[in-house]
There are 2 protein chains.
Amino acid sequence: MAKANKQFRFRLWIDVNNEKFFGPGRAELLQLIDQTGSISKAAKSMGMSYKKAWAMVTEMNEYGKSAYVIAKPGGEKGGGAEVTPVGKAVIKAYLKIVGRINTVVEKEKAFLDLI
Amino acid sequence: MAKANKQFRFRLWIDVNNEKFFGPGRAELLQLIDQTGSISKAAKSMGMSYKKAWAMVTEMNEYGKSAYVIAKPGGEKGGGAEVTPVGKAVIKAYLKIVGRINTVVEKEKAFLDLI
DNA sequence: CATCGTTATGTATTACTATACATAACGCAA
DNA sequence: TTGCGTTATGTATAGTAATACATAACGATG
């Protein structure tokens, strides 16, 4: 038998009023919307249904400090979506914290031999 | 409206061969088994079905470096379960890492104002 | 004014997870 | 040898989350 592959996995969320509000899924979705300019393309790209992606965007816009995504139907390319500066700031800060946690976790790899 | 309550939540798991192996649920279960000396009491105490708790114990014993829990049916009090030294070491180390992540996250609270 | 790809929204179905329930085995002690 | 509380195990049910599917609206552009 080959040596077992052991690794850490962690997830960070932000709760608002004790309800999940923002986490890895939404962070990835926001990044993909930013890259593709479209909720539907972003959703497909990460293997998520459009409906779920749309619901996430709606909830972020509703409960966030201000809208994270501006989406418009119709027009030149049928419409599209754009991540607002607030949305971009949230992504950036979230990724920064995740990076710091990752640094901590990397230092603890010796623990894996215990498992 | 009252000021929204925002807080971080994170979870840490250890994957073995890319499958979830150990995480917060199992850590809590192990601690409760250690405290109560019984899988069933531990399960009830954390609102988990005995069947699930038992399955977790079995999987930990099967895929861990060595058994984390020794369980015995029958006997004085009907039987019981004990966390092995290896199991205790895993709990302790896991909690230590979680504590370190918590320290990092605490320092980032300013981020929450952005949400 | 027809076309296009997207946003927007509702309903039905599937997939998964966990619980609920039921039952047997176990081994000490009275 | 009966009773006890636990471990051990299978099957059925329920609860939830996600997808799948279907349809309408939208607005620039040719």
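Residue numbers start from 1 in every chain, and the chains themselves are labelled A, B, ... in the order their sequence lines are given, proteins ahead of strands. These numbers come from the heavy atoms of this one structure, side chains and all, not from hydrogens, waters or symmetry mates.
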Asks: In this structure, how many angstroms lie between the P atom of C:dA18 and the CG atom of B:Leu29, rounded?
Replies: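 Going from CG in B:Leu29 over to P in C:dA18 covers 13 Å.
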Asks: With the side chain counted from C-beta on, respond yes when A:Lys20 and A:Asp15 share a heavy-atom pair under 4.5 Å apart, and no when they do not.
Replies: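 With C-beta onward as the side chain, the pair touches.
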Asks: What residues from residues 43-75 of chain A pass a heavy-atom cutoff of under 4.0 Å to DNA chain D?
Replies: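 DNA chain D contact set from residues 43-75 of chain A: A:Gly47, A:Met48, A:Ser49, A:Lys51, A:Lys52, A:Pro73, A:Gly74, A:Gly75.
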Asks: Nearest whole Å is fine: how far is C:dT6 P from A:Ile33 CD1?
Replies: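 Going from A:Ile33 (CD1) to C:dT6 (P), I get 13 Å.
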Asks: Kindly say whether the aromatic ring centers of A:Tyr94 and A:Phe22 come within a distance under 6.0 Å.
Replies: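 Yes - the distance between ring centres of A:Tyr94 and A:Phe22 falls below the 6.0 Å cut-off.
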Asks: Once you round it to whole Å, what is the distance between C1' of C:dA29 and CD of B:Glu76?
Replies: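 One finds 8 Å between C1' of C:dA29 and CD of B:Glu76, rounded.
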Asks: Who are the side chain to side chain contact (heavy atoms under 4.5 Å, CB included) partners of B:Asn17, not counting sequence neighbours?
Replies: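 Applying side chain to side chain contact (heavy atoms under 4.5 Å, CB included) to B:Asn17 gives A:Ala4, A:Asn5.
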Asks: Within the 3.5 Å criterion, strictly below it, is a donor on A:Ser38 or A:Thr36 matched to an acceptor on the partner's side chain?
Replies: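 No, A:Thr36 and A:Ser38 have no side-chain donor paired with an acceptor closer than 3.5 Å.
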Asks: Give a yes/no on whether any side-chain N or O of A:Ser40 is located under 4.0 angstrom from OP1 or OP2 of C:dT7.
Replies: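 True: A:Ser40 side-chain N/O within range (under 4.0 Å) of C:dT7 OP1/OP2.
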Asks: Can you check whether A:Asp113's main-chain N or O pairs, donor with acceptor, with B:Lys65's side chain at less than 3.5 Å?
Replies: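 Confirmed, B:Lys65 side chain pairs with A:Asp113 backbone.
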Asks: Working note: A:Phe8 + B:Trp13, criterion side chain to side chain contact (heavy atoms under 4.5 Å, CB included); need CA distance, chi angles, decisive distance, verdict.
Replies: CA-CA 6 Å; A:Phe8 290 110; B:Trp13 296 272; over 6 Å; no
